[in-house]
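Take a look at the structure below.
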There are 2 protein chains.
Amino acid sequence: MGRGKIVIRRIDNSTSRQVTFSKRRSGLLKKAKELAILCDAEVGVMIFSSTGKLHEFSNTSMKSVIDRYHKAKEEQQLTSPISEVRVSLAPLANLSNLNFY
Amino acid sequence: MGRGKIVIRRIDNSTSRQVTFSKRRSGLLKKAKELAILCDAEVGVMIFSSTGKLHEFSNTSMKSVIDRYHKAKEEQQLTSPISEVRVSLAPLANLSNLNFY
DNA sequence: CTGACTATGTATAAACT
DNA sequence: TAGTTTATACATAGTCA
(Lines give C-alpha, C1' and ligand atoms only; values in the text may rest on other atoms or scores of the structure.)
Protein backbone atom coordinates (compact mmCIF):
# COMPACT_ATOMS: atom_id res chain seq x y z
CA MET A 1 0.00 0.00 0.00
CA GLY A 2 1.59 3.20 -0.97
CA ARG A 3 3.70 4.54 -3.76
CA GLY A 4 5.76 1.43 -4.03
CA LYS A 5 5.52 -2.23 -3.24
CA ILE A 6 7.56 -3.44 -0.32
CA VAL A 7 8.94 -6.76 0.80
CA ILE A 8 8.05 -7.92 4.28
CA ARG A 9 11.46 -7.95 5.88
CA ARG A 10 13.03 -5.94 8.67
CA ILE A 11 13.51 -2.32 7.63
CA ASP A 12 17.16 -1.55 8.11
CA ASN A 13 17.00 2.23 8.11
CA SER A 14 16.19 3.21 11.65
CA THR A 15 14.29 6.33 10.72
CA SER A 16 11.98 4.77 8.16
CA ARG A 17 11.49 1.78 10.45
CA GLN A 18 10.27 4.17 13.12
CA VAL A 19 7.98 5.97 10.66
CA THR A 20 6.54 2.72 9.37
CA PHE A 21 6.07 1.47 12.91
CA SER A 22 4.09 4.52 13.84
CA LYS A 23 1.81 4.27 10.81
CA ARG A 24 1.24 0.54 10.91
CA ARG A 25 0.78 0.39 14.66
CA SER A 26 -1.96 2.95 14.30
CA GLY A 27 -3.55 0.92 11.51
CA LEU A 28 -3.34 -2.33 13.44
CA LEU A 29 -4.94 -0.87 16.54
CA LYS A 30 -7.73 0.62 14.43
CA LYS A 31 -8.39 -2.72 12.75
CA ALA A 32 -8.41 -4.45 16.10
CA LYS A 33 -10.98 -2.01 17.38
CA GLU A 34 -13.15 -2.43 14.29
CA LEU A 35 -13.03 -6.21 14.53
CA ALA A 36 -14.09 -6.09 18.14
CA ILE A 37 -17.06 -3.86 17.39
CA LEU A 38 -18.23 -5.34 14.09
CA CYS A 39 -17.98 -8.94 15.20
CA ASP A 40 -18.66 -8.60 18.90
CA ALA A 41 -15.33 -10.17 19.75
CA GLU A 42 -13.01 -9.68 22.70
CA VAL A 43 -9.67 -8.47 21.42
CA GLY A 44 -6.35 -7.70 23.03
CA VAL A 45 -3.27 -6.37 21.25
CA MET A 46 0.14 -5.73 22.80
CA ILE A 47 2.96 -4.16 20.84
CA PHE A 48 6.50 -3.44 21.95
CA SER A 49 8.46 -1.21 19.63
CA SER A 50 12.08 -2.03 18.98
CA THR A 51 12.92 0.64 21.54
CA GLY A 52 10.82 -1.14 24.13
CA LYS A 53 7.84 1.16 24.26
CA LEU A 54 4.49 -0.50 24.92
CA HIS A 55 1.35 0.16 22.92
CA GLU A 56 -1.87 -1.68 23.54
CA PHE A 57 -5.52 -2.08 22.72
CA SER A 58 -8.29 -3.99 24.36
CA ASN A 59 -12.00 -3.48 23.96
CA THR A 60 -12.59 -4.88 27.44
CA SER A 61 -9.54 -4.85 29.70
CA MET A 62 -6.19 -6.42 29.08
CA LYS A 63 -6.50 -8.27 32.37
CA SER A 64 -9.77 -9.78 31.24
CA VAL A 65 -8.28 -10.84 27.92
CA ILE A 66 -5.19 -12.36 29.51
CA ASP A 67 -7.25 -14.21 32.10
CA ARG A 68 -9.51 -15.57 29.41
CA TYR A 69 -6.49 -16.52 27.33
CA HIS A 70 -5.06 -18.56 30.19
CA LYS A 71 -8.39 -20.24 30.77
CA ALA A 72 -8.72 -21.08 27.10
CA LYS A 73 -5.24 -22.52 27.07
CA GLU A 74 -5.91 -24.47 30.22
CA GLU A 75 -9.08 -25.87 28.76
CA GLN A 76 -7.15 -26.74 25.65
CA GLN A 77 -4.72 -28.75 27.72
CA LEU A 78 -7.44 -30.63 29.54
CA THR A 79 -9.35 -31.32 26.38
CA SER A 80 -6.69 -32.23 23.88
CA PRO A 81 -3.11 -31.87 25.06
CA ILE A 82 -1.75 -32.96 21.70
CA SER A 83 -3.95 -31.39 19.07
CA GLU A 84 -3.88 -27.87 17.71
CA VAL A 85 -7.53 -27.32 18.52
CA ARG A 86 -8.11 -23.96 20.09
CA VAL A 87 -11.33 -23.72 21.99
CA SER A 88 -12.31 -21.69 24.98
CA LEU A 89 -15.24 -22.12 27.26
CA ALA A 90 -18.24 -20.26 25.90
CA PRO A 91 -18.91 -17.15 28.01
CA LEU A 92 -20.19 -19.00 31.06
CA ALA A 93 -22.83 -21.62 30.40
CA ASN A 94 -23.68 -23.05 27.01
CA LEU A 95 -21.20 -25.86 27.27
CA SER A 96 -23.22 -27.61 24.62
CA ASN A 97 -22.24 -25.00 22.08
CA LEU A 98 -18.55 -25.75 22.11
CA ASN A 99 -17.23 -26.24 18.64
CA PHE A 100 -14.57 -28.82 18.13
CA TYR A 101 -13.05 -28.91 14.70
CA MET B 1 -13.07 -1.73 1.85
CA GLY B 2 -15.20 -3.56 -0.53
CA ARG B 3 -18.22 -2.97 -2.64
CA GLY B 4 -19.87 -0.73 -0.15
CA LYS B 5 -18.89 1.45 2.75
CA ILE B 6 -19.86 0.16 6.14
CA VAL B 7 -20.46 1.69 9.50
CA ILE B 8 -18.43 0.35 12.39
CA ARG B 9 -21.15 -1.11 14.53
CA ARG B 10 -22.01 -4.62 15.61
CA ILE B 11 -23.21 -6.70 12.65
CA ASP B 12 -26.60 -8.06 13.57
CA ASN B 13 -26.88 -10.86 11.05
CA SER B 14 -25.13 -13.80 12.59
CA THR B 15 -23.98 -15.30 9.31
CA SER B 16 -22.41 -12.18 7.89
CA ARG B 17 -20.91 -11.38 11.26
CA GLN B 18 -19.21 -14.75 11.15
CA VAL B 19 -18.01 -14.22 7.58
CA THR B 20 -16.69 -10.75 8.37
CA PHE B 21 -15.00 -12.08 11.48
CA SER B 22 -13.20 -14.70 9.50
CA LYS B 23 -11.99 -12.25 6.87
CA ARG B 24 -10.96 -9.47 9.21
CA ARG B 25 -9.36 -11.76 11.75
CA SER B 26 -7.18 -13.10 9.00
CA GLY B 27 -6.31 -9.57 7.90
CA LEU B 28 -5.53 -8.45 11.43
CA LEU B 29 -3.24 -11.38 12.12
CA LYS B 30 -1.44 -10.77 8.85
CA LYS B 31 -0.93 -7.10 9.67
CA ALA B 32 0.35 -8.00 13.12
CA LYS B 33 2.86 -10.36 11.61
CA GLU B 34 4.01 -7.77 9.09
CA LEU B 35 4.42 -5.13 11.77
CA ALA B 36 6.52 -7.46 13.85
CA ILE B 37 8.82 -8.29 10.95
CA LEU B 38 9.09 -4.88 9.29
CA CYS B 39 9.65 -2.96 12.49
CA ASP B 40 11.37 -5.55 14.62
CA ALA B 41 8.67 -5.30 17.25
CA GLU B 42 7.34 -7.86 19.70
CA VAL B 43 3.65 -8.32 19.06
CA GLY B 44 0.90 -10.33 20.69
CA VAL B 45 -2.70 -10.53 19.54
CA MET B 46 -5.51 -12.41 21.23
CA ILE B 47 -8.97 -12.65 19.72
CA PHE B 48 -12.04 -14.36 21.11
CA SER B 49 -14.87 -14.75 18.65
CA SER B 50 -18.41 -14.17 19.85
CA THR B 51 -18.72 -17.95 20.12
CA GLY B 52 -15.72 -18.01 22.44
CA LYS B 53 -13.12 -19.48 20.13
CA LEU B 54 -9.58 -18.24 20.63
CA HIS B 55 -7.31 -17.06 17.85
CA GLU B 56 -3.87 -15.70 18.49
CA PHE B 57 -0.62 -14.44 17.06
CA SER B 58 2.72 -13.76 18.59
CA ASN B 59 6.03 -13.44 16.83
CA THR B 60 7.81 -14.59 20.00
CA SER B 61 5.63 -16.43 22.47
CA MET B 62 2.46 -15.26 24.12
CA LYS B 63 3.99 -15.97 27.50
CA SER B 64 6.91 -13.71 26.70
CA VAL B 65 4.60 -10.94 25.54
CA ILE B 66 2.36 -11.19 28.58
CA ASP B 67 5.31 -11.25 30.97
CA ARG B 68 6.79 -8.22 29.28
CA TYR B 69 3.43 -6.50 29.37
CA HIS B 70 3.19 -6.96 33.11
CA LYS B 71 6.70 -5.70 33.63
CA ALA B 72 6.00 -2.66 31.50
CA LYS B 73 2.85 -1.95 33.47
CA GLU B 74 4.66 -2.38 36.73
CA GLU B 75 7.38 0.00 35.63
CA GLN B 76 4.69 2.43 34.58
CA GLN B 77 3.28 2.34 38.09
CA LEU B 78 6.66 2.93 39.69
CA THR B 79 7.54 5.72 37.30
CA SER B 80 4.37 7.70 36.93
CA PRO B 81 1.30 6.28 38.59
CA ILE B 82 -0.84 9.12 37.30
CA SER B 83 0.35 9.89 33.79
CA GLU B 84 -0.55 8.14 30.57
CA VAL B 85 3.06 7.62 29.60
CA ARG B 86 3.63 4.10 28.45
CA VAL B 87 7.23 3.07 28.60
CA SER B 88 8.67 -0.30 29.37
CA LEU B 89 12.07 -1.09 30.75
CA ALA B 90 14.60 -1.84 28.09
CA PRO B 91 14.47 -5.53 27.21
CA LEU B 92 17.48 -6.42 29.38
CA ALA B 93 16.39 -4.66 32.52
CA ASN B 94 15.05 -7.83 34.11
CA LEU B 95 13.85 -6.35 37.37
CA SER B 96 12.76 -9.63 38.76
CA ASN B 97 10.88 -12.54 37.41
CA LEU B 98 7.53 -11.62 38.79
CA ASN B 99 5.01 -14.34 38.38
CA PHE B 100 1.57 -13.06 37.80
CA TYR B 101 0.12 -16.38 36.81
C1' DC C 1 -21.25 -23.12 5.15
C1' DT C 2 -16.74 -22.58 2.10
C1' DG C 3 -14.48 -20.50 -1.49
C1' DA C 4 -13.65 -17.36 -5.47
C1' DC C 5 -14.33 -12.84 -7.67
C1' DT C 6 -13.86 -7.96 -8.19
C1' DA C 7 -15.39 -3.22 -7.54
C1' DT C 8 -14.50 -0.17 -4.10
C1' DG C 9 -12.87 1.62 0.27
C1' DT C 10 -8.70 1.93 3.12
C1' DA C 11 -4.06 1.83 4.55
C1' DT C 12 0.21 3.37 3.62
C1' DA C 13 5.13 4.12 0.94
C1' DA C 14 7.16 7.97 -0.85
C1' DA C 15 7.44 12.50 -1.45
C1' DC C 16 7.00 16.80 0.31
C1' DT C 17 6.60 20.57 4.03
C1' DT D 1 12.27 14.97 12.76
C1' DA D 2 6.92 15.24 12.97
C1' DG D 3 2.85 16.35 10.10
C1' DT D 4 0.48 16.46 5.37
C1' DT D 5 -0.33 14.91 0.70
C1' DT D 6 -0.97 11.69 -2.99
C1' DA D 7 -0.43 7.71 -5.87
C1' DT D 8 -0.59 3.02 -5.35
C1' DA D 9 -0.99 -1.42 -3.18
C1' DC D 10 -3.83 -4.00 -0.36
C1' DA D 11 -8.03 -5.51 2.25
C1' DT D 12 -12.51 -6.60 1.98
C1' DA D 13 -18.16 -6.02 1.31
C1' DG D 14 -21.18 -7.67 -1.56
C1' DT D 15 -22.06 -11.27 -4.68
C1' DC D 16 -22.20 -15.52 -6.89
C1' DA D 17 -20.77 -20.47 -7.53
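Everything numeric here is computed off the predicted structure, so don't read it as measured data. Naming convention: chains lettered A, B, ... in sequence-line order (proteins, then strands); numbering from 1 in each chain.
- Remark: P of dA11(D) and CG of Leu28(A) are 12 Å apart, rounded to the nearest angstrom.
- Considering only residues two or more places apart in sequence or on other chains, Ser61(B) meets the side chain to side chain contact (heavy atoms under 4.5 Å, CB included) condition with Lys63(B), Ser64(B).
- Annotation: of the two residues near DNA chain C, Ile6(A) and Thr15(B), the 5′-most nearest-nucleotide partner is Thr15(B).
- Scanning atom types as modelled, no donor and acceptor separated by under 3.5 angstrom connect the side chain of Lys23(B) and the base of dG3(C).
- Note on Ser16(A): every side-chain N or O is 4.0 Å or more away from OP1 and OP2 of dA13(C).
- For residues 9-30 of chain A, the pairs satisfying salt bridge (Lys or Arg N to Asp or Glu O under 4.0 Å) are Arg10(A)-Asp12(A), Arg10(A)-Asp40(B), Arg24(A)-Glu34(B), with sequence neighbours left out.
- Following rounding to the nearest Å, Arg3(B) (CZ) and dG14(D) (P) show an atom-to-atom distance of 10 Å.
- Summarising the geometry, the separation between CZ on Arg24(B) and P on dG9(C) is reported as 14 Å, rounded to the nearest angstrom.
- Neither OP1 nor OP2 of dA11(D) sits under 4.0 Å from any side-chain N or O of Ser26(B).
- One interatomic measurement links the two molecules: CE of Met1(B) to C1' of dC5(C), which rounds to 18 Å at whole-angstrom precision.
- Per the geometry, CZ belonging to Arg25(A) stands 13 Å off C1' belonging to dA2(D), to the nearest Å.
- A heavy-atom distance below 4.0 Å to DNA chain D is reached by none of the residues of residues 34-45 of chain B.
- Regarding contacts with the backbone of dT8(C), every side-chain N or O of Lys5(B) stays at 4.0 angstrom or more from both OP1 and OP2.
- Contact check for Met46(A) versus Ile66(B): side-chain heavy atoms found under the 4.5 Å cut-off.
- Where Gly27(B) and Val19(A) each meet DNA chain D at their nearest nucleotide, the meeting point lying more 5' is that of Val19(A).
- Across the protein-nucleic acid pair, Asn13(A) atom CG and dA15(C) atom C1' stand 15 Å apart, rounded to whole Å.
- Nucleotide dT12(C) holds its P atom 13 Å from the CZ atom of Phe21(A), rounded to whole Å.
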Please walk me through it: do Ile6(B) and Leu38(A) pass side-chain contact (heavy atoms from CB on, under 4.5 Å)?
-> CA-CA 10 Å; Ile6(B) 60 161; Leu38(A) 286 170; 4.0 Å; yes
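- A sub-4.0 Å separation between OP1 or OP2 of dA2(D) and a side-chain N or O of Ser22(A) is absent.
- Across all strands shown, nothing is found opposite dT1(D) as a Watson-Crick or G-U wobble partner with both distances under 3.5 Å.
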